[in-house]
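Working notes, structure below.
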Amino acid sequence: MAAGLLLDYPGDSLPGILDAATRDADLMPAAAADEIGAFCQVAREWGLRRLQEHYVETFDQRRRTALYLTYYSAGDTRGRGAAILGFREVMRRAGFEMDREELPDYLPVVLEFCALNETASGDELLRANREGLEVIRAALVSASSPYAHLLEALCTTLPPLDADTLARYQELINQGPPTELVGIAALDATPSPLTTGGRS
């Protein structure tokens, strides 16, 4: 839950979230708590405005750090809609109701689902999209973003990478997500935005 709240766009509630994450560190695995604590320290030092600007630059303007997990598995293809519906169906079957206008594959939403859901459905979603998480983590580390701490914290709670996941990760790094051209008009089309709206 802490990683999910902190990975969302930082708003006026950020100080309270930072305080709660710091207060509840003893409830987290030690390695994850250390990473989340490191992020909280930087967030306090930077302040809200600087963190907001960094967030937009990092997550809204860079494809390799997009927080929409189906982008890594389906790319900008027609199959992405079905993949998003798959996330929504998993959450619906578990009784999880979204109270915000956001896509169900948005990582902070998935992490909230994991925290609140008593079944293993959320963990299965994360494991099924592990290569995407690794792309985000590696890109944040490469950019020296403080948000890398949150992806590091998340990945420490997941099983080690197996050979198949590592191969898919390497393919994503080398080739990027799937793409398709639909008709002649697609040759001149600009990439679709990864976010559902701009930040204010």
Side-chain angles (χ1 to χ4, degrees), residues 1-73 87 98 100 102-117 122-161 165 169 172-173 194-196 199:
M1 181 62 83
L5 291 172
L6 293 170
L7 271 171
D8 211 347
Y9 180 72
D12 293 338
S13 61
L14 179 65
I17 296 172
L18 294 174
D19 290 343
T22 303
R23 183 182 64 245
D24 294 340
D26 290 344
L27 304 176
M28 307 174 195
D34 289 345
E35 295 287 356
I36 288 176
F39 172 83
C40 290
Q41 180 178 344
V42 174
R44 290 190 176 99
E45 292 172 354
W46 280 17
L48 181 59
R49 181 60 181 270
R50 181 180 176 186
L51 198 64
Q52 287 175 332
E53 292 173 349
H54 177 75
Y55 189 98
V56 171
E57 178 185 352
T58 300
F59 296 115
D60 290 357
Q61 299 177 6
R62 298 180 183 176
R63 285 183 174 268
R64 284 203 173 185
T65 52
L67 293 178
Y68 295 87
L69 295 180
T70 60
Y71 172 66
Y72 302 96
S73 60
F87 273 75
M98 292 178 56
R100 56 190 295 185
E102 189 54 87
L103 294 175
D105 67 328
Y106 181 51
L107 183 54
V109 170
V110 177
L111 294 178
E112 180 183 354
F113 173 60
C114 291
L116 298 177
N117 180 37
D123 293 338
E124 290 171 2
L125 284 177
L126 291 177
R127 288 195 295 269
N129 292 273
R130 180 64 187 276
E131 63 271 21
L133 295 174
E134 286 296 322
V135 172
I136 301 169
R137 183 195 63 78
L140 290 172
V141 169
S142 178
S144 299
S145 170
Y147 283 97
H149 291 296
L150 302 180
L151 267 294
E152 295 282 13
L154 172 58
C155 289
T156 65
T157 68
L158 299 174
L161 292 173
T165 304
Y169 164 71
L172 272 172
I173 290 296
L194 296 176
T195 58
T196 57
R199 308 291 180 184

Rounded distance [0.5 Å steps], [atom1] in [X] versus [atom2] in [Y]:
{"X": "M1", "Y": "L111", "atom1": "CE", "atom2": "CG", "result": "9.5 Å"}
{"X": "I136", "Y": "S145", "atom1": "CD1", "atom2": "OG", "result": "12.0 Å"}
{"X": "Y147", "Y": "L140", "atom1": "OH", "atom2": "CG", "result": "10.0 Å"}
{"X": "D8", "Y": "L67", "atom1": "CG", "atom2": "CG", "result": "8.5 Å"}
{"X": "I17", "Y": "L5", "atom1": "CD1", "atom2": "CG", "result": "5.0 Å"}
{"X": "R44", "Y": "L18", "atom1": "CZ", "atom2": "CG", "result": "5.0 Å"}

Centres of the F59 and Y9 rings: under 6.0 Å?
-> no
Side-chain contact, heavy-atom cut-off 4.5 Å: [X] with [Y]?
{"X": "L7", "Y": "L151", "value": "yes"}
{"X": "F113", "Y": "L125", "value": "yes"}
{"X": "Y72", "Y": "N129", "value": "no"}

Salt-bridge test for R137 and E134: reply yes if a basic N is under 4.0 Å from a carboxylate O, no otherwise.
-> yes
Pair E112-M98, side chain to side chain contact (heavy atoms under 4.5 Å, CB included): steps then yes or no | CA-CA 10 Å; E112 180 183 354; M98 292 178 56; over 6 Å; no
Which atom pair, heavy atoms only, marks the closest approach of [X] to [Y]?
{"X": "P160", "Y": "R130", "result": "C-NH1, 4.3 Å"}
{"X": "P104", "Y": "F87", "result": "O-CD2, 3.7 Å"}
{"X": "F39", "Y": "P146", "result": "CD1-O, 3.3 Å"}
{"X": "M28", "Y": "A2", "result": "CE-CB, 3.8 Å"}

Carefully, step by step, assess C155 and L161 under the rule side chain to side chain contact (heavy atoms under 4.5 Å, CB included).
-> CA-CA 10 Å; C155 289; L161 292 173; over 6 Å; no
